[in-house]
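Read through the structure below, which is laid out as structure tokens, and then see the notes.
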Amino acid sequence: MLLLNALTTGGSIEKLLFNTVKAQDTTGTTFTVNHLCILRELYIAFLHFRDGKSETSIVPMKHLEEKYNLPKYIVSRNSKMLSEEGVKDKMMQSGKREGKGFIKVVPLTNKNTKEGTVFDSRNKGIKLTKKGEKVCEILFSSITGEL
């Protein structure tokens, strides 16, 4: 019993874990750590855009690569999985793993490219869909002030 009390801290990590379980139960989707990193950045961008602190809610994939030290293919594949597009998967009978529809992959423009970076039309950005906004509310609502 003492161990259970020690594990119940009420901290933001514990809240995130509980929220993740709730989001998984609600959506029938499993979230990886990479998914949570992507959704966290998109939710922060969404909140800043909603509150008028930013001109766009689009996050360049390059930002995720640099911030979390992730290879480009990891960010790209996980973004596709979180979008409606999905990814090829030989282990699936259909040959494709269905996307979740939480985000939308969009081309970057000069307007939504971070200041100080060189614009490159090959780079992509991502943003939340309405479905993604609802999932992020479940995932991060109780820790919004700590994001």
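None of the values given here were measured: they were computed from a predicted structure.
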Once you round to the nearest 0.5 Å, how far does [atom1] of [X] lie from [atom2] of [Y]?
X	Y	atom1	atom2	result
I58	K104	CD1	NZ	9.0 Å
N78	M61	CG	CE	10.0 Å
F49	T56	CZ	OG1	6.5 Å
N34	L82	CG	CG	9.5 Å
R40	L16	CZ	CG	10.0 Å
S141	K22	OG	NZ	7.0 Å

Is the backbone of [Y] close enough, under 3.5 Å, to the side chain of [X] for a donor and an acceptor to pair up by distance?
X	Y	value
S57	K127	no
K131	K100	yes
S83	G101	no
Q24	F31	yes
S76	K72	no

Nearest atoms (heavy-atom pairs only) where V59 meets A45: CG2-CB, 3.5 Å
For the student: nearest non-hydrogen atoms of L139 and A23, plus distance: CD2-CB, 3.7 Å
Common cluster, V33/L64, ILVMFWY with side-chain heavy-atom separation under 4.5 Å: no
Same cluster (ILVMFWY, side-chain, under 4.5 Å), L42 and I138: no
Short side-chain donor-acceptor distance under 3.5 Å, Y43 and E133: no
Validation row: [X], [Y] side chains within 4.5 angstrom (heavy atoms):
X	Y	value
V106	I126	no
E65	I74	no
V21	D25	yes
C136	L128	yes

More than 12 heavy atoms from other groups under 6.0 Å of CZ on R77: no
F140 vs I44, side chain to side chain contact (heavy atoms under 4.5 Å, CB included): CA-CA, chis, key distance, verdict: CA-CA 10 Å; F140 307 115; I44 291 170; over 6 Å; no
Pairing residues for E41 by the side-chain hydrogen bond (donor to acceptor under 3.5 Å, both in side chains) criterion, not counting sequence neighbours: H63, K67, Y68
